[in-house]
Amino acid sequence: SVAAILALRRLDRTESALRKSEARNRAILESSIDAILAMDHRGNVVEFNQAAERMFRYRRSEVLGRPLADAIIPPRLREAHRRGIARYLATGEGPVLGTKVEFPAMRSDGSTFLAEIAIQRTRAPGDPVFTGFIRDISEQRRTEASLRYLSEAGRVLTESLDLDTILERVTGLAVPRLADWCLVELAGDPEAASS
């Protein structure tokens with residue numbers, strides 16, 4: 001019948017549009033420089049893009065369907081993660097949703113790094129799905145700490161002209177940040193250099 005043929009054509013166009021939409025979404029997901037992953041309401045990984053593969057050193061196939069907590073969350077934080085999911089499912093409230101938070105993340109080899117994550121609940125029919133956008137910020141934080149140290153050292157070096165005071169303050173800066181102890185050895189006779 002004509003109605004059946006028209007219905008099949010509409011169905012074919014709908015399926016074609018759906019395939020194009022899925023391909024476009026996959027291309028967007030894979031071109032992201034941020035790690036993007038998604039977790040279902042049970043806490044299992046349902047999406048893991050290429051940037052996430054590089055960041056966490058897993059192949060996508062290794063983590064899909066696995067509990068997210070077991071893959072990327074250090075053991076000491078896993079229970080808190082699980083309680084957070086349970087609290088959201090019970091109350092609809094999640095303090096980390098819609099904000100950026102810093103947390104220690106874990107790679108496949110067990111090493112950890114400082115990450116920044118923004119988590120959103122994906123608005124779709126059915127059970128909730130949560131999408132995380134993750135950046136490794138460990139290098140950024142190291143750079144910031146180095147710049148703070150250099151700024152403080154520069155300030156200390158310009159506060160006094162007394163050599164003993166300067167050495168005491170500089171070693172005081174170095175010990176908590178760079179080493180457990182510090183030894184300063186001066187070349188030559190400081191008295192001769194000042195005369």
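All values reported here derive from a predicted model rather than from experimental measurement. Because only heavy atoms are used, hydrogens play no part in the values below, and waters and symmetry mates are left out as well, while side chains stay in.
Note that CD of E53 and CG of L37 are 11.5 Å apart. Values are rounded to the nearest 0.5 Å. The distance from atom CE of M55 to atom CZ of F48, rounded to the nearest 0.5 Å, is 9.5 Å. Note that the OG1 atom of T131 and the CD1 atom of I119 stand 10.0 Å from one another [nearest 0.5 Å]. Separation of atoms CZ (R42) and CD1 (I85) is listed at 11.0 Å; rounding is to 0.5 Å. With rounding to the nearest 0.5 angstrom, the OH atom of Y88 is 4.0 Å from the CZ atom of R121. Note that CG of D40 is 11.0 Å distant from OG1 of T122, once rounded to the nearest 0.5 Å.
One N or O on the side chain of S146 and one on the backbone of R142 form a donor-acceptor pair closer than 3.5 Å. When atom types are taken as modelled, the side chain of N49 and the backbone of D34 share a donor-acceptor pair closer than 3.5 angstrom.
Between H81 and L68 the shortest heavy-atom distance is CE1-CD2, 3.9 Å. When all heavy atoms of A71 and V63 are compared, the pair lying nearest together is CB-CG1, 4.1 Å. Between L173 and A153 the shortest heavy-atom distance is CD1-CA, 3.5 Å. Closest of all the heavy-atom pairs between A115 and A105 is CB-CB, 4.0 Å. When all heavy atoms of E102 and L114 are compared, the closest pair comes out as OE1-CD2, 3.9 Å. Annotation for V96 and T99: closest pair O-OG1, 3.1 Å, computed over non-hydrogen atoms.
The neighbour count for L147 CG, taken as heavy atoms of other residues, nucleotides or ligands under 6.0 Å away, is above 12. Heavy-atom neighbours of E152 CD from other residues, nucleotides or ligands within 6.0 Å: above the threshold of 12. Residue-environment remark: CZ (R82) exceeds the threshold of 12 foreign heavy atoms within 6.0 Å. Within a 6.0 Å sphere centred on CZ of R59, other residues, nucleotides and ligands contribute 12 heavy atoms or fewer.
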Derivation and outcome, side-chain contact (heavy atoms from CB on, under 4.5 Å), residues E47 and R60: CA-CA 8 Å; E47 189 54 72; R60 183 174 187 264; 3.0 Å; yes

From CA spacing to verdict: side-chain contact (heavy atoms from CB on, under 4.5 Å), L64, V46: CA-CA 6 Å; L64 287 181; V46 295; 5.6 Å; no

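In summary, D164 and R169 do not engage in a salt bridge, as defined by a charged side-chain N under 4.0 Å from a carboxylate O. We find that D109 and R107 are not joined by a salt bridge, their nearest charged nitrogen and carboxylate oxygen being 4.0 Å or further apart.
Both L77 and I72 sit in one connected hydrophobic cluster of ILVMFWY residues. Membership requires side-chain heavy atoms under 4.5 Å apart, directly or through other members. Under the 4.5 Å side-chain heavy-atom criterion for Ile, Leu, Val, Met, Phe, Trp and Tyr, L97 and M39 are members of the same hydrophobic cluster.
Looking at heavy atoms from C-beta onward, S111 lies in side-chain contact with R57 at the 4.5 angstrom threshold. Side-chain atoms of F56 and E62, non-hydrogen and from C-beta on, never get closer than 4.5 Å to each other. A 4.5 Å side-chain heavy-atom check between P95 and R87 finds at least one atom pair inside the cut-off. The closest side-chain heavy-atom distance from V129 to H41 is not below 4.5 Å.
Under the 6.0 Å cut-off for aromatic ring centres, F103 and F113 do not qualify, their centroids lying 6.0 Å or more apart.
For the residue pair S160/D162, the side-chain donor-acceptor check at 3.5 Å is not satisfied.
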